[in-house]
Amino acid sequence: MLLVLLAVMFRCRCSKCLGSDRCTTVVGCFTINNYTTGGSRVTRTGCFPSSEVYRAQCTNQENSTQRVECCKQDMCNDFTISDEGNGKL
């Protein structure tokens, strides 16, 4: 019996990818808002490289200088995270 496993590939918006604004992954996508000490917001988007990184980033949401949104659908991070509810307005 031949067992074939097909991985679902997701396309994600990517702010740091060289030569493209998209990346592909089987793990998931992210959008991260980082806040500087002056209150400025820097947004990054991309693909998670591994399940371990996905779990570490997506389960620990209690951070006043960073807000992470994780998702597992094609182009699901193609949006801007609201600052509402993060103490940043």
Non-neighbouring partners of Arg13 that pass side-chain hydrogen bond (donor to acceptor under 3.5 Å, both in side chains), sequence neighbours left out:
Asp21, Asp78
Has Thr24 got a side-chain atom pairing as donor or acceptor with Met9's backbone, closer than 3.5 angstrom?
no
State the CZ-OG1 distance between Arg41 and Thr36, to the nearest 0.5 angstrom.
11.5 Å
Would you say the side chain of Phe30 lies within less than 4.5 Å of the side chain of Gln57, judging by non-hydrogen atoms?
no
Which of Thr45, Val68, Asn77 passes side chain to side chain contact (heavy atoms under 4.5 Å, CB included) with Ile32? Answer is Val68
Between Cys47 and Cys29, is the SG gap short of 2.5 Å?
no
If I take atom OG1 from residue Thr31 and atom CD from residue Glu69, how far apart are they, to the nearest 0.5 angstrom?
7.5 Å
Do Cys76 and Phe10 come within less than 4.5 Å of each other through their side chains, counting heavy atoms only?
no
Identify the heavy atoms of Lys72 and Gly28 that sit nearest to each other, and give their distance.
CG-CA, 4.3 Å
Backbone N/O of Gln66 and side chain of Asn34: donor-acceptor pair under 3.5 Å
no
Residue pair Met75 / Arg22, side-chain heavy-atom distance below 4.5 Å:
yes
